[in-house]
Amino acid sequence: SSSSSVPGAQSHFAQPGSSPEGGGEMDIQIEYDLEALLVSYQEPPVQEISPEVQKELSDVLDSLQPQMGGGGLSEESVDKATMWLECQQSTVKEIALGIRKTLSSISDDRHRLNILAMVNGALRSSGSSAALRQSFRPFLLWILRSVYWKPEEDPGGGVR
């Protein structure tokens, strides 16, 4: 048994050749201490978002919705949304929370990925501020979780 880089996780390595097929492959099993993981990755507290910020964020996120008929979204649309996000220094924490809340209610995979592309673009941009990155940090795990799990499949019971 050895330690994993994830708090609360332990890796167990079975002996080579112990797989049911006997192919000599190493079997790795990871066990998680759920309480330690929950403490390490607590969901940020839910706060109210001002109606003005919510309206503006909704408009930007709606612009990232895939076009009807299967048409893709242009890079220009994602770039515009990314630039908007980079300019929102005074309300960036509210926006991060709003994105987190909104993603959990969007069922279209492409729409959720477009929003994630916007966040990724803003965080990776050379023009992004430390304040932007710091404001998003507590929400990133939860934003990624919302993109990975469809709301109806979320094993966390849809905790929002």
Side-chain angles (χ1 to χ4, degrees), residues 3-11 28 30 32-160:
S3 292
S4 170
S5 62
V6 176
Q10 292 291 320
S11 301
I28 301 172
I30 299 177
Y32 294 97
D33 176 358
L34 190 55
E35 285 186 42
L37 287 169
L38 290 172
V39 168
S40 297
Y41 301 103
Q42 291 183 4
E43 187 168 12
V46 175
Q47 303 166 347
E48 287 299 313
I49 300 170
S50 71
E52 299 83 27
V53 172
Q54 184 61 51
K55 170 73 172 108
E56 197 170 348
L57 177 61
S58 292
D59 291 344
V60 169
L61 297 183
D62 287 347
S63 76
L64 295 172
Q65 202 163 23
Q67 305 302 314
M68 295 299 289
L73 189 68
S74 71
E75 273 188 52
E76 185 179 335
S77 297
V78 175
D79 289 345
K80 283 181 183 178
T82 299
M83 288 187 331
W84 171 83
L85 181 55
E86 290 174 7
C87 294
Q88 305 305 309
Q89 298 300 317
S90 63
T91 58
V92 71
K93 196 165 209 156
E94 281 183 276
I95 290 169
L97 175 62
I99 289 172
R100 160 69 179 110
K101 285 180 169 181
T102 302
L103 277 171
S104 42
S105 65
I106 295 174
S107 61
D108 185 311
D109 293 336
R110 294 175 302 159
H111 191 190
R112 292 194 328 243
L113 287 172
N114 290 338
I115 294 169
L116 185 59
M118 173 192 70
V119 171
N120 181 56
L123 294 174
R124 294 187 55 155
S125 168
S126 60
S128 73
S129 68
L132 180 109
R133 291 188 300 274
Q134 194 65 27
S135 294
F136 264 91
R137 182 169 286 145
F139 298 95
L140 283 176
L141 174 69
W142 300 96
I143 288 171
L144 289 170
R145 178 181 179 207
S146 295
V147 171
Y148 182 76
W149 294 105
K150 290 182 181 179
E152 64 274 5
E153 296 174 344
D154 190 340
V159 177
R160 308 280 178 240

Identify the heavy atoms of [X] and [Y] that sit nearest to each other, and give their distance.
| X | Y | result |
| --- | --- | --- |
| Ser135 | Ala96 | O-CB, 4.1 Å |
| Phe139 | Arg100 | CD2-CB, 4.2 Å |
| Glu94 | Glu48 | OE2-O, 4.2 Å |
| Met118 | Ile99 | CE-CD1, 3.7 Å |

Would you compute the distance between atom [atom1] of [X] and atom [atom2] of [Y] and round it to the nearest 0.5 angstrom?
| X | Y | atom1 | atom2 | result |
| --- | --- | --- | --- | --- |
| Phe136 | Leu123 | CZ | CG | 6.0 Å |
| His111 | Asp109 | NE2 | CG | 12.0 Å |
| Arg112 | Ile106 | CZ | CD1 | 8.0 Å |
| Cys87 | Met83 | SG | CE | 7.5 Å |
| Asn120 | Ile143 | CG | CD1 | 11.0 Å |
| Leu103 | Leu113 | CG | CG | 9.5 Å |

For the side chain to side chain contact (heavy atoms under 4.5 Å, CB included) test, which of Thr91, Ile95, Leu97 pairs with Leu57?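 When side chain to side chain contact (heavy atoms under 4.5 Å, CB included) is applied between Leu57 and each of Thr91, Ile95, Leu97, only Ile95 qualifies.
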Between [X] (side chain only) and [Y] (backbone N and O only), is there a donor and an acceptor less than 3.5 Å apart?
| X | Y | result |
| --- | --- | --- |
| Ser104 | Lys101 | yes |
| Gln65 | Leu61 | no |
| Ser125 | Ala122 | no |
| Gln89 | Ala131 | no |

Testing the 3.5 Å rule here: is there a donor-acceptor pair between the side chains of Glu86 and Thr82?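 Absent: no donor and acceptor within the cut-off.
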Do the non-hydrogen side-chain atoms of Leu140 and Val119 ever get within less than 4.5 Å of each other?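 Touching, per the 4.5 Å side-chain cut-off.
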